[in-house]
Amino acid sequence: MKEPLSHDFYFGDVEDVARAMLGKQLVRVTANGMTAGRIVEVEAYLSRQDPANHGHRGQTRRNATMFGTGGHAYVYSIHARYCLNAVTEPEGVPCAVLIRAVEPLEGLDLMRERRRRTNVLDLARGPARLCEAFGIDRSLDGWDLTRGEELWLADEDGTTVNAANIAVAQRVGVSAGADLPLRFFMADSRFVSKRPRQPKS
DNA sequence: CTACCGATTGACT
DNA sequence: GTCAATCGGTAGA
């Protein structure tokens with residue numbers, strides 16, 4: 001079974017939750033079947049003091065979910081696509097963790113159908129790609145991730161993530177607050193969307 | 001109402 | 001490596 005992570009998981013400091021989300025599973029169930037993947041890359045968006053955060057300038061209709069309680073999905077659209085976040089912390093604090101990449105584990109054919117791509121590396125490597133592969137759109141904004149229905153995060157059985165395997169880098173694509181080291185990813189995963197410049201080998 | 005723009009992607013050199 | 005398509009959200013007239 002893929003038991004959903006409890007409410008408590010989402011209530012810590014957003015950076016801690018971001019690190020803890022690595023190695024967990026993203027699970028999606030629709031009438032077409034189940035898809036699941038291992039989270040390998042995330043980014044933390046801090047509260048009001050973070051200039052890259054959508055909630056930086058206060059609450060609007062678009063970002064209202066981020067101001068709600070932790071454990072809900074925040075789905076926003078950008079560049080004609082969707083991105084998925086997990087909201088953290090109690091109500092009123094607009095923090096969230098962007099899921100940037102997952103390693104496909106189950107439902108690969110369904111992902112291929114939705115993505116119209118066959119290469120596994122092209123299915124869910126990138127925040128908008130994984131939303132397409134998992135059939136996630138704005139209708140899931142505000143969804144309760146602790147229910148264990150339709151969309152949730154689960155513990156991967158018997159797998160623990162060694163902190164030494166977690167790499168830290170700057171966030172991708174942000175202009176304001178670009179220098180902050182708030183992107184966390186599995187150092188050894190091929191399914192990470194972007195890598196910092198590699199030293200010459 | 002219009003104008004601008006982004007937590008991106010995919011096609012192309 | 002470079003670059004333009006894409007469209008909903010937001011701000012401003």
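Each chain gets a letter, A, B and so on, in the order its sequence line appears, and its residues count up from 1.
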Trainee: Would a hydrophobic clustering, with Ile, Leu, Val, Met, Phe, Trp and Tyr connected at side-chain separations under 4.5 Å, put A:L145 with A:V27?
Mentor: no

Trainee: Between A:R138 and C:dG9, is there a contact of a side-chain N or O with OP1 or OP2 at under 4.0 Å?
Mentor: yes

Trainee: What integer distance in Å separates A:Y76:OH from C:dT10:P?
Mentor: 13 Å

Trainee: Does A:R62 have a side-chain nitrogen or oxygen under 4.0 Å from the phosphate oxygens OP1 or OP2 of C:dA11?
Mentor: no

Trainee: Under a cut-off of 3.5 Å for both distances of each Watson-Crick or G-U pair, what dot-bracket string does DNA chain C give, using [ ] for crossing pairs and | for inter-strand pairs?
Mentor: |||||.||||||.

Trainee: Quick one: label A:R57 by what it contacts on the DNA or RNA (base, sugar-phosphate, nothing), any heavy atom closer than 4.0 Å.
Mentor: nothing

Trainee: For A:D137 and B:dT8, give me the distance from atom CG to atom C1', rounded to whole Å.
Mentor: 17 Å

Trainee: Without decimals, in angstroms, what is the distance between A:Q59 CD and C:dT10 P?
Mentor: 11 Å

Trainee: Rounded to the nearest Å, what distance is computed from the CG atom of residue A:L182 to the P atom of nucleotide B:dA7?
Mentor: 14 Å

Trainee: Look at A:R61 and C:dG8 and indicate whether a side-chain polar atom (N or O) is within less than 4.0 Å of OP1 or OP2.
Mentor: no

Trainee: When all nucleic acid strands are considered with a 4.0 Å heavy-atom cut-off, which category describes A:A128: base, sugar-phosphate, or nothing?
Mentor: sugar-phosphate

Trainee: Please check if A:V75 and A:V87 belong to a single hydrophobic cluster, counting links between Ile, Leu, Val, Met, Phe, Trp and Tyr side chain heavy atoms closer than 4.5 Å.
Mentor: no

Trainee: Does A:T60 have a side-chain nitrogen or oxygen under 4.0 Å from the phosphate oxygens OP1 or OP2 of C:dT10?
Mentor: yes

Trainee: Could you go step by step and tell me if A:R19 and A:D16 meet the salt bridge (charged side-chain N to carboxylate O under 4.0 Å, His left out) rule?
Mentor: CA-CA 5 Å; A:R19 286 177 177 275; A:D16 296 336; 5.6 Å; no

Trainee: Phosphate oxygens OP1/OP2 of B:dG10: is one of them under 4.0 Å from a side-chain N or O of A:R115?
Mentor: yes

Trainee: Rounded to whole Å, how long is the line connecting atom NE2 of A:H56 with atom C1' of B:dA7?
Mentor: 14 Å

Trainee: Assess the residue pair A:K2 and A:E106 against the criterion (salt bridge (charged side-chain N to carboxylate O under 4.0 Å, His left out)); give the C-alpha distance rounded to whole Å, side-chain angles, the decisive distance to 0.1 Å, and a yes or no.
Mentor: CA-CA 12 Å; A:K2 300 183 185 301; A:E106 296 179 41; 2.9 Å; yes

Trainee: The side chain of A:S77 lies closest to which of these nucleotides: B:dA7, C:dT6, C:dG8?
Mentor: C:dG8

Trainee: Assuming nearest nucleotide by heavy-atom distance, tell me which of A:R117 and A:V174 is located more 5' along DNA chain B.
Mentor: A:V174

Trainee: What's the closest nucleotide to the A:A80 side chain, out of B:dA7, C:dG9, C:dT6?
Mentor: C:dT6

Trainee: Let me know the distance between CD of A:E132 and P of C:dC7, rounded to the nearest Å.
Mentor: 13 Å

Trainee: Salt bridge (charged side-chain N to carboxylate O under 4.0 Å, His left out), that's the test. Do A:E132 and A:R115 meet it? Break it down for me.
Mentor: CA-CA 6 Å; A:E132 189 175 28; A:R115 288 275 300 137; 2.7 Å; yes

Trainee: Could you tell me whether the phosphate oxygens of B:dT9, OP1 or OP2, come under 4.0 Å of any side-chain nitrogen or oxygen in A:R125?
Mentor: no

Trainee: Between A:R171 (CZ) and B:dT8 (C1'), how many Å, whole number?
Mentor: 16 Å

Trainee: Between the base of B:dA7 and the side chain of A:H54, is there a donor and acceptor pair under 3.5 angstrom?
Mentor: yes

Trainee: Rounded to the nearest Å, what distance is computed from the CZ atom of residue A:R183 to the P atom of nucleotide B:dT8?
Mentor: 11 Å

